[in-house]
Structures are given as structure tokens and as C-alpha cells.
Amino acid sequence: MRMLPAAILTLIGGFLFLVFYSPTPPSKNEFADDLTGLFVAVTKGFTGKTYYLGSDDEWAYFRSGNLMPVYRKVGASRMRVPAVFPFAKDKAYRIGPRNFVGYENP
């Protein structure tokens, strides 16, 4: 009988971990230069939600998914993001299709 509350607490803890887990990004040189992959990830959502992680003078950095994240970089001029900050120096935020320069929603 005592196992039931422990099992429920374990399930709740696991769920909260999955919802709020945010992996530490790798170094910038480990990001793939992949505009097409990023666009597909954002518009189709196969890998999960995509987040802006920051920028430098040349690149904007993104993470798709949480448990098995995929890290991509895109030329900063190709993206239109509402808030720009140095790589990994602020809270990541979710992006959508409208953040791609030149993307017109039909």
C-alpha cells in the first residue's frame, strides 16, 4: 500500500523533470550550420520546440528538443528575433516560423 504514493511521486517528479529540463549547450564550434534543418524543426516540430540560445557577430544559435537536443547555428542576418543577447548569457526563448527572414505565412 505504501508503494502507491511513492510511485505517484516518482511519476510526478519524472514529468516535471521532462518539462523543465534544459540541457547546457555545447561549445559554439559544435553547432551544425543548418538553416534548412532548423526551418524544418521549427515548422514541423519533429524534434520538439526550438529555442534561441543567443548570438555573436556572425551566428545565431538554436536548440531543438530537450531530452536529445539538436544544436544548430544560422547566419544571424537570416533570423529576425525579438531579443538579441550574447550566446548563453540570458534565458533561452522559443522561436517560430516568423523568425526566419523572408518567411511569409500563407
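In this chain, numbering begins with 1 at the start of the sequence shown.
Looking at R80, its side chain does come within 3.5 Å of a backbone N or O of F100 through a donor-acceptor pair.
Residues T47 and A41 approach most closely at OG1-CB, 3.8 Å, considering heavy atoms. In plain terms, the two heavy atoms of P25 and F31 that are nearest each other are CB-CZ, 4.2 Å. What you find for S77 and V101 is that their closest heavy atoms are O-CG2, 3.5 Å. Shown here for N99 and V81, the closest heavy-atom pair between the two residues is ND2-CA, 4.0 Å. Smallest separation of non-hydrogen atoms from G37 and R72: C-NE, 3.4 Å. Closest of all the heavy-atom pairs between V42 and P97 is CG1-N, 3.4 Å.
At a threshold of 4.5 Å between non-hydrogen side-chain atoms, the residues F87 and K28 count as touching. Between Y71 and P26 the shortest side-chain heavy-atom distance falls below 4.5 Å.
Partners of Y51 by ring pair (Phe, Tyr, Trp, His ring centres under 6.0 Å), not counting sequence neighbours: none found.
In the hydrophobic clustering of this structure, V74 groups with V84; members are Ile, Leu, Val, Met, Phe, Trp, Tyr whose side-chain heavy atoms approach within less than 4.5 Å, directly or through other members.
Few gaps surround CG on N29; more than 12 heavy atoms of other groups in view lie less than 6.0 Å from it.
Checked against the 6.0 Å centroid threshold, Y52 and F62 count as a close aromatic pair.
Taking CG of D90 as the start and CG of L53 as the end, the distance is 11.5 Å to the nearest 0.5 Å. Atoms CZ and NZ, on F39 and K44 in that order, are 8.0 Å from each other to the nearest 0.5 Å. Atom OG1 of T50 is separated from atom CZ of R94 by 8.0 Å, given to the nearest 0.5 angstrom.
Using bins of under 30°, 30° to 60° and over 60° for the plane-to-plane angle, the ring pair Y93/F85 lands in the perpendicular bin.
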